[in-house]
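Let me begin by presenting the structure, written as structure tokens, before commenting on it.
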Amino acid sequence: MSLRPDGAGLIERLPPVRGRLEAERPLADLTWFRVGGPAEVLYSPADEADLADFLAGTPSNIAVTVIGVGSNLLVRDGGVPGVVIRLGRGFGGLAVEGGLRIRAGAAVPDVRVARFALEKVIAGLTFLRGIPGTIGGALRMNGGAYGVETKDVLVEAVAIDRRGRRHVIAKADMGYSYRHCGVPEDWIFTEALLQGEAGDEAVIEADMNRITEAREASQPIGSRTGGSTFKNPEGGKAWQLIDAAGMRGFALGGARVSDKHCNFLINEGTATAADLEQLGETVRRRVKETSGVELQWEIRRIGQPAGDVEH
Ligand SMILES: Cc1cc2nc3c(=O)[nH]c(=O)nc-3n(C[C@H](O)[C@H](O)[C@H](O)COP(=O)(O)OP(=O)(O)OC[C@H]3O[C@@H](n4cnc5c(N)ncnc54)[C@H](O)[C@@H]3O)c2cc1C
């Protein structure tokens, strides 16, 4: 497939919005890896109603892709055809409901939810301190850390489908498994209702501090990375297989397998998305050769390679 970038032309085919539409908006600065090409059009909806109207009025043959804060995302160098949607302030609600539940907008960073829970003395949500994404990303990825996953605390989620219809989805209908959500890929989450527990402020705070320290000790969190590159295979750890395959610290172009946590890939400053993807595929091949295990990408790759773009 090839794309002749014409974001301005695409905007003319889109319905009017109250939010913002930008043609050929670079995406690299909206992701942790800091690589990749532009969105043909980047749409920042004003609120849920604006998003629903936009989806209802956008022809079904125009591709729509939603992103969070890009902490689990590799945007390819040729950019993303169609419309990329990034939720902002209009999806930033945060409130306590019924004593121990928190309703959070999909654009709220997970860490803010964890801090809000501490402030309100609600336990059970501290694991969110360890995930540098948004609630939307946590819902889609079933993000988890320290033995707790999003599915363990979710009551229900709200999503808008590709035709602009609003759905309230109970946890049982999310189709959750490890780092997987069964809700159709083109549904956009707008909020979540999370269940907390009664707790003690000092204990919650100590838990938060423990997570902060553990992350700093084990992860290259100041780096341009996408977090865990591959899912842990059944009964094993991806990083151990990568280590055993001799890939710790292995470099390709400007991309390197982290020395600190070898399931993380790092952009050392000059990497392209192609470098990072090729490095990931090299790791997968070596692990398959040495252990027989076929690692599956956890990082979501979107868009098209540079060579596929017509100018
Ligand atoms: C240093 C580091 C540490 C990490 N540690 C962890 C960890 O401990 N545990 C863990 O689970 N993850 C971890 N991650 C990965 C990442 O933070 C999570 O997957 C996170 O949930 C992604 O959220 P995001 O907002 O950045 O989503 P993005 O990376 O922007 O997108 C990820 C996926 O979610 C989809 N998505 C985003 N928003 C929405 C929405 N509103 N509706 C529907 N789909 C949406 C996107 O389409 C995409 O498929 C880590 C990443 C980094 C960089």
Side-chain angles (χ1 to χ4, degrees), residues 27 30-34 36 39 42-45 48 51 55 63-75 80 83-88 90-92 104-114 126-152 157-162 167 169 174 176 178-192 211-212 214-232 238-239 258 260-261 263-267 276 297-303:
L27 291 175
L30 300 181
T31 71
W32 273 59
F33 271 130
R34 295 280 187 275
L42 182 72
Y43 167 44
S44 312
E48 194 184 90
L51 171 65
L55 290 168
V64 168
T65 309
V66 64
I67 62 170
V69 288
S71 63
N72 200 53
L73 210 58
L74 182 60
V75 176
V80 185
V83 180
V84 173
I85 299 182
R86 191 170 192 266
L87 308 183
F91 301 83
V108 179
D110 299 340
V111 60
R112 264 195 65 207
V113 177
T126 46
F127 77 101
L128 290 169
R129 167 68 188 89
I131 308 176
T134 60
I135 289 297
L139 288 169
R140 173 58 69 194
M141 300 305 299
N142 186 21
Y146 309 103
V148 189
E149 290 178 322
T150 303
K151 74 172 173 50
D152 301 322
V158 178
I160 308 294
D161 72 19
R162 182 60 184 82
H167 303 261
I169 313 156
M174 294 287 283
Y176 272 142
Y178 168 61
R179 299 292 178 271
H180 174 81
C181 170
V183 170
E185 280 291 325
D186 56 1
W187 290 26
I188 298 178
F189 295 115
T190 56
E191 62 183 47
I211 290 173
T212 308
R215 265 168 51 79
E216 279 166 9
S218 68
Q219 296 181 356
I221 47 178
S223 306
R224 299 171 180 196
T225 180
S228 293
T229 310
F230 303 107
K231 298 183 187 187
N232 287 323
W239 75 263
S258 167
K260 195 165 185 180
H261 188 319
N263 194 20
F264 281 43
L265 302 184
I266 309 283
N267 168 11
L276 287 157
W297 284 85
E298 177 171 329
I299 285 177
R300 299 294 189 99
R301 294 160 295 162
I302 61 171

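Order of listing sets the numbers, starting from 1, for every ligand and every atom in it.
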For the atom pair [atom1] ([X]) and [atom2] ([Y]), what is the distance rounded to the nearest 0.5 Å?
X      : Y      : atom1 : atom2 : result
Ser44  : Ile85  : OG    : CD1   : 9.5 Å
Ile266 : His261 : CD1   : NE2   : 10.5 Å
Leu51  : Thr190 : CG    : OG1   : 7.5 Å

Please work out whether any backbone atom (N, CA, C, O) or any side-chain heavy atom from C-beta onward of Asn142 is under 4.0 Å from ligand 1, and answer side chain, backbone, both or neither.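 Within the 4.0 Å criterion, Asn142 makes no contact with ligand 1.
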
Location of contacts on Phe264 toward ligand 1, heavy atoms closer than 4.0 Å: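 Under 4.0 Å from ligand 1, Phe264 contributes side-chain atoms alone.
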
With a cut-off of 4.0 Å, which atoms of ligand 1 are near a heavy atom of [X]?
X      : answer
Met141 : 19 (O), 33 (C)
Phe189 : 40 (C), 41 (N), 42 (N), 43 (C)
Ala138 : 21 (O)
Gly227 : 2 (C), 50 (C), 51 (C), 52 (C), 53 (C)
Ile188 : 42 (N)
Ala145 : 8 (O)
Gly130 : 5 (N), 8 (O)

Under a heavy-atom criterion of less than 4.0 Å, does Trp187 contact ligand 1?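 Contact present.
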
Can you tell me if Glu185 has a non-hydrogen atom under 4.0 Å from ligand 1?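 Outside the 4.0 Å threshold, so no.
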
Nitrogen or oxygen atoms of [X] and ligand 1 under 3.5 Å apart:
X      : result
Ser71  : yes
Gly144 : yes
Trp32  : no
Gly143 : no
Leu87  : no
Ala106 : no
Thr134 : yes

When you measure from the centre of the six-membered ring of Trp297, is the NZ or CZ of Arg301 under 6.0 Å away and within 45° of the axis?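 So Arg301 does make the cation-pi contact.
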
With respect to atom 50 (C) of ligand 1, which of Pro132, Gly133, Ser258 exhibits the smallest heavy-atom separation?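 Checking each option, the heavy atom nearest atom 50 (C) of ligand 1 is found in Pro132.
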
Quick one, Asn142 and Tyr178 - any side-chain contact, counting heavy atoms below 4.5 Å?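 Heavy-atom side-chain distance check fails, nothing below 4.5 Å.
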
For a 4.5 angstrom cut-off between non-hydrogen side-chain atoms, does Phe91 reach Glu191?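 Phe91 does not reach Glu191 side chain to side chain.
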
Atom 12 (N) of ligand 1: the protein heavy-atom neighbour that sits closest, reported with distance to 0.1 Å: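 Sorting protein heavy atoms by distance from atom 12 (N) of ligand 1 puts Ile131 CG2, 3.8 Å first.
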
Heavy-atom nearest neighbour in the protein, as seen from atom 49 (O) of ligand 1, with distance rounded to 0.1 Å: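 For atom 49 (O) of ligand 1, the nearest protein heavy atom is Arg300 NH1, 3.2 Å.
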
Would you mind checking if Arg300 and Glu185 are paired as a salt bridge, meaning a charged N to carboxylate O distance below 4.0 Å?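 Looking at Arg300 together with Glu185, the answer is yes, because their closest N to O distance falls below 4.0 Å.
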
Tell me whether Glu298 is salt-bridged to Lys231, with the criterion being a basic N under 4.0 Å from an acidic carboxylate O.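 No, Glu298 and Lys231 are not salt-bridged.
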
